Amino acid sequence: MNSFALVFFLSQYVLSTQAVIRVLTSQTFFRGIEDGRFDVIGDVRSAEDYNREHIANVTHLELLHLAGRPNQKATPQDLEGCEFCHIVLYSTDGNRAQEALQILEDAGFKNLYNGLGAVQWAAAGFPLVTRSDNVVPPCTTSRRVSAQCEERHQANNPTAPAPVRAPTPTVRPPAPATAPVRPPSPPVVPVKKVVPKDPLKDALKIASATDISRGSLNRRRVRGDQD
Ligand SMILES: *[C@@H]1O[C@H](CO)[C@@H](O)[C@H](O)[C@H]1NC(C)=O
């Protein structure tokens, strides 16, 4: 891959990342939970961290918490069925949450939020709990819920309808009158019909007339001679 192609590839990658994964402040994350805007609220820290304390009523994601660890394969399997649902993840400081969200995005998940970390959450004054309240996200167990997420996603992201091509006309419409207007032609002067002369007839006429005149002339001469 040449450098131009590499830059192009990376820019597409960054743009697509920004388009799907939205980073929330802890305040926005908190308000979103209160308003019921998330279908899944996931903790991608270790089980040890989760058990110590966590945000109330979240889902500990056993498989995604491995994101970012070398030689560990994180998978989105524990969120199957939630592809179109609104998923917010948090970690210790937001970094592992971002890596886990990237795995989800690559797997085709559509509505992803980074709620940063327990550090920022606690610093903003929001509570953490120690009780065991792990939530099973309804979209992982109910096809109906999955379908509802998809319907809502399609409603919020209407795909632009394919442009309707005008049918190619089989008969071309008459070309607009773009021909230059001719200046009016001069009035036609009626021409008298010229009867072409018949050269042979004319020649005969002249010959006979000459003969006659010659004859009469001769006669006159004769007479004159006689007179
Ligand atoms: C957690 O869920 C329980 C049971 O549904 C509910 O009573 C409680 O208010 C929830 N806590 C928070 C902080 O949302």
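Because the structure is a prediction, the values reported are computed rather than measured.
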A.B. asks: In terms of hydrophobic clusters joined by side-chain contacts under 4.5 Å, are Leu61 and Leu101 together?
C.D. replies: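 Yes; tracing contacts between hydrophobic side chains, which count when under 4.5 Å, links both residues.
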A.B. asks: Would a single hydrophobic cluster contain both Val135 and Val44, if residues Ile, Leu, Val, Met, Phe, Trp and Tyr are joined by side-chain heavy-atom contacts under 4.5 Å?
C.D. replies: no
A.B. asks: Please name the residue in the list Asn114, Leu112, Asn111 that meets the side-chain contact (heavy atoms from CB on, under 4.5 Å) test with Arg22.
C.D. replies: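 That would be Asn111; it is the only one of Asn114, Leu112, Asn111 passing the side-chain contact (heavy atoms from CB on, under 4.5 Å) with Arg22.
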A.B. asks: Between Val23 and Tyr90, is there a shared hydrophobic cluster once you connect ILVMFWY residues whose side-chain heavy atoms come closer than 4.5 Å?
C.D. replies: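 Val23 does not cluster with Tyr90.
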A.B. asks: Shortest non-hydrogen contact from Ser46 to His65?
C.D. replies: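 For Ser46 versus His65, the nearest heavy atoms are CA-CD2, 3.5 Å.
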A.B. asks: Tell me, do Ile103 and Thr75 make a side-chain contact under 4.5 Å, heavy atoms counted?
C.D. replies: no
A.B. asks: Are Cys82 and Cys139 close enough that their SG atoms are less than 2.5 Å apart?
C.D. replies: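 With an SG-SG separation under 2.5 Å, Cys82 and Cys139 do form a disulfide.
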A.B. asks: Could you check if a side-chain atom of Ile21 sits within less than 4.5 angstrom of a side-chain atom of Gln102, using non-hydrogen atoms only?
C.D. replies: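 Yes, their side chains come closer than 4.5 Å.
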A.B. asks: When rounded to the nearest 0.5 angstrom, what distance separates CG in Asn156 from CZ in Phe84?
C.D. replies: 12.5 Å
A.B. asks: Should the pair Trp121 and Phe126 be assigned to parallel (<30°), tilted (30 to 60°) or perpendicular (>60°) ring geometry?
C.D. replies: tilted
A.B. asks: Quick one: side chain to side chain donor-acceptor pair (under 3.5 Å) pairs with a partner in residues 137-150, sequence neighbours left out?
C.D. replies: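 Residue pairs with at least one partner in residues 137-150: there are none.
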A.B. asks: Under the side-chain contact (heavy atoms from CB on, under 4.5 Å) rule, collect the residues that match up with Thr92, sequence neighbours excluded.
C.D. replies: Arg45, Asp49, Val119
A.B. asks: How long is the gap from CG on Leu63 to CG on Leu79, to the nearest 0.5 Å?
C.D. replies: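 Between atom CG of Leu63 and atom CG of Leu79 there are 9.0 Å.
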A.B. asks: Contact between Ile87 and Phe109 at the side-chain level, heavy atoms closer than 4.5 Å - yes or no?
C.D. replies: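 Yes - at least one pair of side-chain heavy atoms lies under 4.5 Å apart.
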A.B. asks: How many angstroms lie between CD in Glu99 and CG in Leu89, if you round to the nearest 0.5 Å?
C.D. replies: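 The CD atom of Glu99 sits 12.0 Å away from the CG atom of Leu89.
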A.B. asks: For a 4.5 angstrom cut-off between non-hydrogen side-chain atoms, does Leu116 reach Phe29?
C.D. replies: no
A.B. asks: Would you confirm whether His54, through its side chain, and Tyr50, through its main-chain N or O, come within 3.5 Å as a donor-acceptor pair?
C.D. replies: yes
A.B. asks: Give the cluster check for Val129 versus Val58: same hydrophobic cluster or not, with ILVMFWY residues linked at side-chain heavy-atom distances below 4.5 Å.
C.D. replies: no
A.B. asks: More than 12 heavy atoms of other residues, nucleotides or ligands under 6.0 Å from CD of Glu48: yes or no?
C.D. replies: no
A.B. asks: Counting N and O atoms only, with roles assigned by atom type, does the side chain of Asp133 sit under 3.5 Å from a partner on the main chain of Asn57, one being a donor and the other an acceptor?
C.D. replies: yes
A.B. asks: Can you name the nearest heavy-atom pair linking Asp93 to Arg96, along with the distance?
C.D. replies: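 Nearest heavy atoms, Asp93 then Arg96: OD1-N, 4.5 Å.
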A.B. asks: Considering only heavy atoms from C-beta outward, does the side chain of Asp43 approach that of Ile55 to under 4.5 Å?
C.D. replies: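 No, side chains not in contact.
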A.B. asks: Quick one: closest heavy-atom pair of Phe38 and Val88, and the distance?
C.D. replies: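 So the two residues come closest at CG-CG1, 3.5 Å.
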A.B. asks: Just wondering, do Val136 and Thr59 contact through their side chains at under 4.5 Å, heavy atoms?
C.D. replies: no
A.B. asks: With the side chain counted from C-beta on, respond yes when Glu80 and Gln77 share a heavy-atom pair under 4.5 Å apart, and no when they do not.
C.D. replies: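 In short, these two side chains touch, coming nearer than 4.5 Å.
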A.B. asks: Anything under 30° is parallel, anything over 60° is perpendicular, the rest tilted; go ahead and classify Tyr113 against His86.
C.D. replies: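 Parallel, since the angle between the ring planes stays under 30°.
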A.B. asks: Taking atom CZ of Arg152 as the centre, does the number of heavy atoms from other residues, nucleotides or ligands within less than 6.0 Å exceed 12?
C.D. replies: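 Result for CZ/Arg152: enclosed.
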